Amino acid sequence: MLRSGMPTPAQQKEYWRLSDILIAIGQRYYRELPNGAASLALTNEGKVSVDVYDKQGKVIGTIPNDTTSSAFRTDLERAFARITLPDENLIVFVSNRTTLTPKQ
């Protein structure tokens with residue numbers, strides 16, 4: 001929720017656009033996330049940072065870190081370095097695509 005009240009339609013649209021990008025990056029680099037990753041919270045306060053949460057809502061890591069690949073870092077920077085978040089942070093859910101099975 002925005003501090004100033006309800007988001008405008010333009011802010012909602014931007015939030016969804018940014019959410020889609022963060023989900024795509026999180027899925028692409030899921031194997032680099034800490035085990036048990038369930039959601040990501042992006043902040044951009046001078047530098048792009050992503051807190052990684054487990055299913056219980058506990059922070060289990062932060063990206064980028066010492067083991068983050070340069071490709072992952074680059075994708076985060078390219079996508080979010082110059083944006084202003086429509087809220088304090090951007091939170092999305094991620095899952096391991098390799099464990100998803102199509103419904104029969």
Side-chain angles (χ1 to χ4, degrees):
M1 187 62 57
L2 293 172
R3 287 185 188 181
S4 61
M6 295 298 293
T8 66
Q11 289 169 318
Q12 288 174 345
K13 184 177 179 181
E14 179 67 354
Y15 187 89
W16 286 112
R17 185 185 76 77
L18 296 172
S19 294
D20 288 344
I21 294 168
L22 183 56
I23 289 169
I25 292 171
Q27 298 290 43
R28 184 176 311 129
Y29 298 101
Y30 189 84
R31 290 186 176 152
E32 291 190 45
L33 298 176
N35 289 335
S39 61
L40 306 175
L42 173 80
T43 58
N44 186 357
E45 298 172 355
K47 102 176 183 175
V48 176
S49 177
V50 178
D51 288 329
V52 183
Y53 293 83
D54 65 11
K55 290 180 182 176
Q56 287 75 39
K58 179 183 170 193
V59 175
I60 58 173
T62 301
I63 303 296
N65 59 39
D66 294 341
T67 62
T68 305
S69 70
S70 61
F72 195 173
R73 287 174 191 268
T74 299
D75 280 358
L76 286 171
E77 288 294 324
R78 282 184 182 156
F80 301 110
R82 297 176 191 255
I83 58 104
T84 300
L85 294 175
D87 200 347
E88 292 177 0
N89 54 32
L90 180 69
I91 301 170
V92 299
F93 296 97
V94 294
S95 61
N96 184 348
R97 291 186 303 183
T98 61
T99 62
L100 299 177
T101 55
K103 206 171 188 178
Q104 299 294 329

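Everything numeric here is computed off the predicted structure, so don't read it as measured data.
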*Roughly how far apart are Thr8 OG1 and Tyr15 OH, rounded to 0.5 Å?*
14.0 Å
*Sequence neighbours left out, what passes side chain to side chain contact (heavy atoms under 4.5 Å, CB included) with Thr62? Give chain and number order.*
Ser49, Asp51
*Are Leu18 and Tyr53 joined in one hydrophobic group, where the rule is that I, L, V, M, F, W and Y side chains link up if heavy atoms are under 4.5 Å apart?*
no
*Do you know which two heavy atoms are closest between Tyr30 and Ala37, and how far apart they sit?*
OH-O, 3.1 Å
*Is there side-chain contact between Leu40 and Leu33, with at least one heavy-atom pair below 4.5 Å?*
yes
_Once rounded to the nearest 0.5 Å, what's the spacing between atom CZ of Phe80 and atom CD1 of Ile21?_
5.5 Å
_Interatomic spacing from CZ in Arg73 to CD1 in Ile63 - rounded to 0.5 Å_ = 8.5 Å
_If the condition is side-chain hydrogen bond (donor to acceptor under 3.5 Å, both in side chains), which residues does Asn65 pass it with, not counting sequence neighbours?_
Thr67, Thr68
_Ile25 to Ala79 - nearest heavy-atom pair and separation_ = CD1-CB, 3.8 Å
*Contacts of Arg17 that satisfy salt bridge (charged side-chain N to carboxylate O under 4.0 Å, His left out) - sequence neighbours left out*: Glu14
*Residue of the set Arg31, Glu32, Arg28 for which side chain to side chain contact (heavy atoms under 4.5 Å, CB included) holds with Phe72*: Glu32
_Quick check: closest heavy atoms across Gly61 and Pro34, and the distance to 0.1 Å?_
CA-CG, 4.1 Å
